[in-house]
Amino acid sequence: MTAVATLAASIRELRKDYVLSGETVHALRGVSFDVPEGDYISIMGPSGSGKSTLLNLLGCLDRPTSGSFLLGGEDVAKMNDDQLSETRAKRIGFVFQSYNLLPALTVVENIEMPLYYGGRLDGETRDRCVELAKLVGLGNRLDHRPSQLSGGQQQRVAIARSLVNDPRFMLADEPTGNLDSVMTAEILDLLATLNAEGRTIILVTHENEVAERTSRTIVLRDGHILTDERR
Amino acid sequence: MARWWRTLKLSIKSLLLHPLRSALTVLGIFIGVAGVIWLLSIGEGIGRAAEEQIAGLGARNIIVRTIKPSADEVQDAGYGLTRDDYIRLLATVPTIDKAIPIREVSREFRNGTRKFEGRCVGCTPDYAEVARLEPKMGRFLSDGDLINQSNYCVLAAETADRLFPFGDPIGQKIMVDEHFFVVIGVMKSRAPSAGIGGSVAAEDFSRDVYIPITTMETRMGDMEVVMKPGQFQRDLKELSQITIQVKDRDLVLPTVDVVRDTIARNHTLADYGVTVPLELLQQAQTTRLMFMLFLGLIAAVSLVVGGIGIMNIMLATVTERTREIGIRRALGAKRRDITQQFLAEAVVLSVVGGLLGIVGGLLCRPISILIRGRLLDWFPEQMSTLPEIVRTVEPMMVSWSIPLAFAISVIVGVTFGVYPAIRAAQLDPIEALRHE
């Protein structure tokens, strides 16, 4: 096996400019790093440092102005909108700070959504979603709506949803930002377990305690990497 | 297929989140679609009624009728169609299949002490066919009766009932003026024919007595004396009407010209009128088409209003659900998926409205008849001043109006749903996710 093959992602000279009311904002000014398969990375930095922009790029929600982002060998920067959507549906697991569950859908329906858009719905879909709900400890809440769940439970649904397409690459945007310390610990345990299974996880956080649970911390400032330390 | 089914279920679910709002939007389409069907049905009903009236006179017929000229023009020599006119027509117009000379006078019919005011019609055997009379008992007049100038008569149904309430009238005698006539037949009752303008007035066949026209000529003459307070009025005319039946429908219009010329040559007074049911029928059909087109346009306007309602609600929905769109996009929905979802919702709204509208349209006939019945009961005076057609018309469902209405509702849904759906799909996923 070559070194490249073991990389989950490879980021080279990534730049992103926005035009905001006539002025160009350089959100990322050339960021490069490699993400080996199975890595657990936290990205930190003050607001405006470009960490959200970076996460959006890593999550294939956006394309860089220049530079390359290889995800499993494919250059995301060259994909069109439909290919980006497909990549999101099939290869990336997303966890958001505000959970982003659809209030009208039940737990199971929320979990199965990425499969729907990945075109992978079949007879076993529900079984798989139920299994995931059990994995995150919500086996008895299958047909509840998000509004009937606590914040931690909602975030666990969101994690189950991010797992439904069995992604090797997971992104979490301040997953514990809205949770108390008990819940935070629960979620971090869950993420650690997933990482131990071999999934690559990149999370953005403000909190040192959260960053300390990861194996590598990248600190951004003004669109540059300030430090990149492995624990 | 499964995918479509899911999209459908999803859109129904989303729509049910705002039941009132969805119902009101559906109402807009419902009114439009039901309106199209109602207006088309009523238009068809009116058109059919008019056509039936005209067709009742016979599409192959040409009706030439005596019209009484103004009093100072009437000469002692009499007026109107003559037996010579009839003979000339038969002799000179080859396309005529049948021609029936008819003379109608008012008479009192008597059977012993029973009396009955009615119409005495002198005619030929073909009259029964052309007037669409069928025998109930006995037979109609025959050629022999005509040649022999027999004292035979045939009664209309009501005349028979009044003069012979008990028992069989066949073979009995009735008295007209001072003459006895033997009853040889009774005709079935038929619906009165309506007047269609021109020289043809409404005809009620229920109070008739038919006798051979030859008998009428010899027994009653051509002179009628009408007694009015303070004066006698003399009325000298040989025939009231000549009904011509042409061999083929296509020959009607050419024949009419010849008939007009032939009669005009021997009349200096405007004492007759020619009515051609076929011409009227064609006019009525054109009018009906215009009428329905016009009604259809009115209904189409209401459909457009309904469509704008859909567009309005969908645009509001897109704004309201920006975050949902962001989430779906982040989880892998393509632009196409989002377009589909919102388009499906618009189409579901319009199709539900369309289907309900079709049901509402099917109820047109019973409901309108019910309402009219109620109105006739509650406001008989006001209703009686309305035109005949309003009081009698029965809406006729036009079969193609159902697929038309359904297609229109789908088209409205797609047309007015496509812009909001595209707008939803064009949202930037990152922006949409940030949206509160």
Side-chain angles (χ1 to χ4, degrees), chain A residues 16 18 20 27 52-57 59-63 79-106 109-123 125 145-146 158 161-165 167 171 173, chain B residues 1-22 314 316-345 348 421-436:
Chain A
K16 182 69 189 177
Y18 292 111
L20 212 66
S52 292
T53 306
L54 180 59
L55 200 74
N56 287 338
L57 290 174
C60 298
L61 283 167
D62 208 352
R63 269 167 297 195
M79 289 182 176
N80 65 26
D81 195 80
D82 279 359
Q83 288 168 321
L84 287 175
S85 297
E86 194 147 336
T87 309
R88 292 197 294 268
K90 292 183 176 167
R91 294 168 57 184
I92 297 174
F94 249 116
V95 180
F96 304 91
Q97 177 178 8
S98 47
Y99 328 130
N100 280 346
L101 301 176
L102 291 186
L105 304 183
T106 64
E109 286 167 337
N110 264 295
I111 294 176
E112 72 181 16
M113 199 158 40
L115 291 181
Y116 173 56
Y117 290 120
R120 286 193 268 183
L121 283 180
D122 54 39
T125 301
R145 312 257 162 192
R161 180 179 66 185
S162 73
L163 289 171
V164 76
N165 51 14
L171 297 167
D173 186 6
Chain B
M1 198 61 215
R3 200 182 163 77
W4 277 105
W5 179 236
R6 272 191 83 88
T7 311
L8 188 70
K9 272 206 304 201
L10 185 68
S11 51
I12 291 171
K13 215 165 176 173
S14 307
L15 291 172
L16 288 180
L17 286 179
H18 302 282
L20 180 63
R21 184 204 274 188
S22 301
M314 291 311 295
T317 304
V318 168
T319 312
E320 220 177 58
R321 283 157 61 186
T322 302
R323 193 179 173 81
E324 176 192 330
I325 295 165
I327 296 170
R328 288 182 182 278
R329 291 279 278 144
L331 296 176
K334 298 187 175 108
R335 291 217 161 105
R336 197 183 331 137
D337 295 318
I338 302 294
T339 313
Q340 254 172 35
Q341 184 188 339
F342 282 88
L343 201 55
E345 285 183 28
V348 164
I422 288 176
R423 234 167 92 146
Q426 292 303 326
L427 288 173
D428 176 40
I430 299 168
E431 289 292 320
L433 268 175
R434 256 185 235 140
H435 195 269
E436 281 312 314

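A note on names: the letters A, B, ... follow the listed sequences, proteins ahead of strands, and every chain is numbered from 1.
The closest side-chain heavy-atom distance from R88(A) to C60(A) is below 4.5 Å.
If you tally non-hydrogen atom pairs under 4.5 Å between each of I92(A), D62(A), N56(A) and chain B, the highest count goes to N56(A). When each of R336(B), R323(B), R328(B) is scored by its heavy-atom pairs under 4.5 Å with chain A, the top score falls to R328(B). Comparing G332(B), A330(B), P429(B), G326(B) by how many heavy-atom pairs each has under 4.5 Å with chain A, the most go to G332(B).
When heavy atoms are compared at a cutoff of 4.5 Å, R321(B) does not approach chain A at all. Heavy atoms closer than 4.5 Å to chain B are found in the backbone of L101(A), but not in its side chain.
A side-chain donor-acceptor contact under 3.5 Å links S85(A) and R329(B). Side-chain contact of Q340(B) with E345(B): a donor-acceptor pair under 3.5 Å is absent, judged by distance alone.
Stacking of R6(B) on the aromatic ring of Y116(A) is recorded, both the 6.0 Å distance cut-off and the 45° axial limit being met.
Atom CZ of R21(B) sits in a crowded spot, with more than 12 heavy atoms from other residues, nucleotides or ligands closer than 6.0 Å.
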